[in-house]
Amino acid sequence: MTPRVAAWRGFGRPEAVGGHRLHVHERPGDGPLHVFLHGFPSSSFDWRGVLDRLPGRRALAFDFLGFGLSDKPREHVYTLAWQADAVEELVRRAGAPPVVLVAHDMGTSVATELLARDVEGRLSIDVGAVLLFNGSILLDRATLTPGQRLLRSPAGPLAARLTTARSFRLQFARLFSPAHPLSREEAADQWALLREHDGHRLLHRTIHYLGERERLADRWHGAVRDWPGPLSFAWGLRDPVATTRVLDGLRELRPLAPVRELPELGHYPQIEDPSAIAAEVEQVTRRAPDRP
């Protein structure tokens, strides 16, 4: 474990949810509870720079089951419904305050599942505003990496077993923009988190969510279109996976939604330029309804 990852572990705590332990980072503060949902194959560690730039804001960030410092059960079916249930449970334990959801990559599909439940009138938490960025929500418009395609194929279990620090670093580096390349230190941190509890051997299982994006497309796209609250987008335009074609499709679904374009950023804006994402979180928070 690298020093920065060890420090991040110390800022959080393990919490039992649904029979498994999740790594949870929670801090007190003012206003609504900001819930940060990370992507594949990383963890809540991605949010550290954004959180540093939101002093005084109440926040909750956790590692989804199968990711980061959370448990990684080998035989679990990693559905986004399970991850969304975990969000609801952790927010209820925090006292069920009004929530601002901030979601990236895979986390955007967890967020849209929560919005779909809200549209149906069966969400147990109060979502006041949502910020989604750089997620392949419209999978038919995204450009999957060679590694993602391989993990989804029949050769996925073998590909996961053969994943090494070097192969991971090469794949992960492609997600960053030329202006903000992946640093050696960041690569080491991300690899340490991935291989914790042998998570790199489960990549073919934790990528299960891409199939759900296909099967549940109508439900989740409908949530983007129909959820009545303030929904905003921010987008790193140099993203090679969740490309501008995905953003164009989201604009078609939600033509009045505010959009912040980030021309020089790639798939991980919160790592490349955390100040830009923190500023957008503040904007979204101001759009949230004023609730006690």
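Sequential numbering from 1 along the given sequence is applied to the chain's residues. Here the structure is a predicted model, which is why all the values come from computation and not from measurement.
Residue L202 holds its CG atom at 12.5 Å from CD1 of I207, rounded to the nearest 0.5 Å. In this structure, the separation between OG on S109 and CG on L210 is 8.5 Å, given to the nearest 0.5 Å. Rounding to the nearest 0.5 Å gives a distance of 10.0 Å between CG of L247 and CD of E252. For the atom pair CG (L151) and CZ (F40), the distance works out to 5.5 Å, reported to the nearest 0.5 Å. Between the CG atom of D198 and the OG1 atom of T163 there is a distance of 11.5 Å, given to the nearest 0.5 Å. A distance of 13.0 Å separates CZ of R225 from CG of L115, quoted to the nearest 0.5 Å.
In terms of hydrophobic clustering, with Ile, Leu, Val, Met, Phe, Trp and Tyr side chains grouped at heavy-atom distances under 4.5 Å, L237 and L131 are assigned to different clusters. Side-chain heavy atoms closer than 4.5 Å link hydrophobic residues (I, L, V, M, F, W, Y) into clusters, and following such links, possibly through other members, connects I277 to V284. The hydrophobic cluster containing V224 also contains V87, counting ILVMFWY residues as joined when their side-chain heavy atoms lie under 4.5 angstrom apart, directly or transitively. A single hydrophobic cluster is seen to contain both L80 and L114, as judged by linkage of ILVMFWY side chains at heavy-atom distances under 4.5 Å, directly or through other members. L170 and I271 end up in different hydrophobic clusters when Ile, Leu, Val, Met, Phe, Trp and Tyr side chains are linked at under 4.5 Å.
A 4.5 Å side-chain heavy-atom check between N134 and W235 finds at least one atom pair inside the cut-off. With contacts defined as side-chain heavy-atom distances shorter than 4.5 Å, the pair R21/L69 does not qualify. Looking at heavy atoms from C-beta onward, W227 lies in side-chain contact with D118 at the 4.5 angstrom threshold. Under the 4.5 Å side-chain criterion, counting only non-hydrogen atoms from C-beta, R254 is in contact with F233. Between T145 and L175 there is a side-chain heavy-atom pair separated by less than 4.5 Å. With a 4.5 Å cut-off on side-chain heavy atoms, V110 and F64 count as touching. Between P73 and L65, the closest side-chain pair of non-hydrogen atoms falls below 4.5 Å. L132 places a side-chain heavy atom less than 4.5 Å from the side chain of T112.
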Evaluate the side-chain contact (heavy atoms from CB on, under 4.5 Å) criterion for residues H38 and H104: first the C-alpha distance (whole Å), next the side-chain angles of each, then the deciding distance (0.1 Å), finally the verdict.
-> CA-CA 5 Å; H38 69 80; H104 169 247; 5.9 Å; no
Residue pair H76, W82: steps toward the side-chain contact (heavy atoms from CB on, under 4.5 Å) verdict = CA-CA 10 Å; H76 185 81; W82 197 101; 3.7 Å; yes
Verdict with supporting geometry, R219 and E120, salt bridge (charged side-chain N to carboxylate O under 4.0 Å, His left out) = CA-CA 11 Å; R219 171 182 174 78; E120 296 168 346; 2.4 Å; yes
Could you go step by step and tell me if Q270 and V281 meet the side-chain contact (heavy atoms from CB on, under 4.5 Å) rule?
-> CA-CA 11 Å; Q270 73 273 44; V281 170; over 6 Å; no
Worked verdict on Y268 versus F176 for ring-ring contact (aromatic ring centres under 6.0 Å, His included) | CA-CA 7 Å; Y268 274 91; F176 288 72; 5.6 Å; yes
Taking it one step at a time, do Q283 and R260 satisfy side-chain contact (heavy atoms from CB on, under 4.5 Å)?
-> CA-CA 10 Å; Q283 289 290 334; R260 169 79 184 280; over 6 Å; no
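Under 3.5 Å, the side chains of R213 and T108 contain a donor-acceptor pair of N or O atoms. For the residue pair R287 / S232, a side-chain donor-acceptor distance below 3.5 Å is found, with atom types taken as modelled. S70 and H20 are not linked by any side-chain donor-acceptor pair at a separation below 3.5 angstrom, with hydrogens and angles left out of the test. Checked by atom type, the side-chain pair D105/H267 shows a donor-acceptor distance below 3.5 Å. A donor-acceptor pair shorter than 3.5 Å can be found between the side chains of E272 and S177.
A donor-acceptor contact shorter than 3.5 Å links the side chain of R201 to the backbone of R161. For the pair H180 (side chain) and P178 (backbone), a donor-acceptor distance under 3.5 Å is absent. In this structure a side-chain-to-backbone donor-acceptor pair under 3.5 Å is present from R27 to R57.
The two residues D63 and F45 come nearest to each other via the heavy atoms OD1-N, 4.4 Å. In this structure, G66 and Y78 approach most closely via the heavy-atom pair CA-CE2, 3.5 Å. For the pair L33 and R58, the tightest heavy-atom approach, listed with the atom from each and the gap, is CD1-CG, 3.6 Å. Across all non-hydrogen atoms, the minimal contact from W47 to L37 is CZ2-O, 3.2 Å. The shortest non-hydrogen separation linking R149 to L144 is NH1-O, 2.5 Å. Of all non-hydrogen atoms in A276 and L262, the two that sit nearest each other are CB-CD2, 4.1 Å.
Using the six-membered ring where Trp is involved, W8 and H25 have ring planes that are parallel, under 30° apart on the 30 and 60° scheme.
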Output a table of donor-acceptor pairs, distance under 3.5 Å, between side-chain atoms of residues 91-100 and any protein atom two or more places apart or on a different chain; print 'none' if there are none.
residue : atom : partner : partner atom : Å
R92     : NH1  : S124    : OG           : 2.6
R92     : NH2  : E89     : OE1          : 2.7
R93     : NE   : E89     : OE2          : 2.7
R93     : NH1  : E15     : OE2          : 2.9
R93     : NH1  : A16     : O            : 2.8
R93     : NH2  : A16     : O            : 2.8
R93     : NH2  : E89     : OE2          : 3.2

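Shown here is R184, whose CZ atom has no more than 12 heavy atoms of other residues, nucleotides or ligands within 6.0 Å. Other residues, nucleotides and ligands place more than 12 heavy atoms under 6.0 Å from the CZ atom of R141. Counting heavy-atom neighbours within 6.0 Å of R166 CZ, excluding the residue itself, gives a total of 12 or less.
The pair R48-E186 meets the salt-bridge criterion, with a side-chain N (NZ, NE, NH1 or NH2) lying under 4.0 Å from an Asp/Glu carboxylate O.
Residue L162 shares its hydrophobic cluster (ILVMFWY side chains chained together at separations under 4.5 Å) with L158.
Between H200 and F168, a ring centre-to-centre spacing not shorter than 6.0 Å is recorded.
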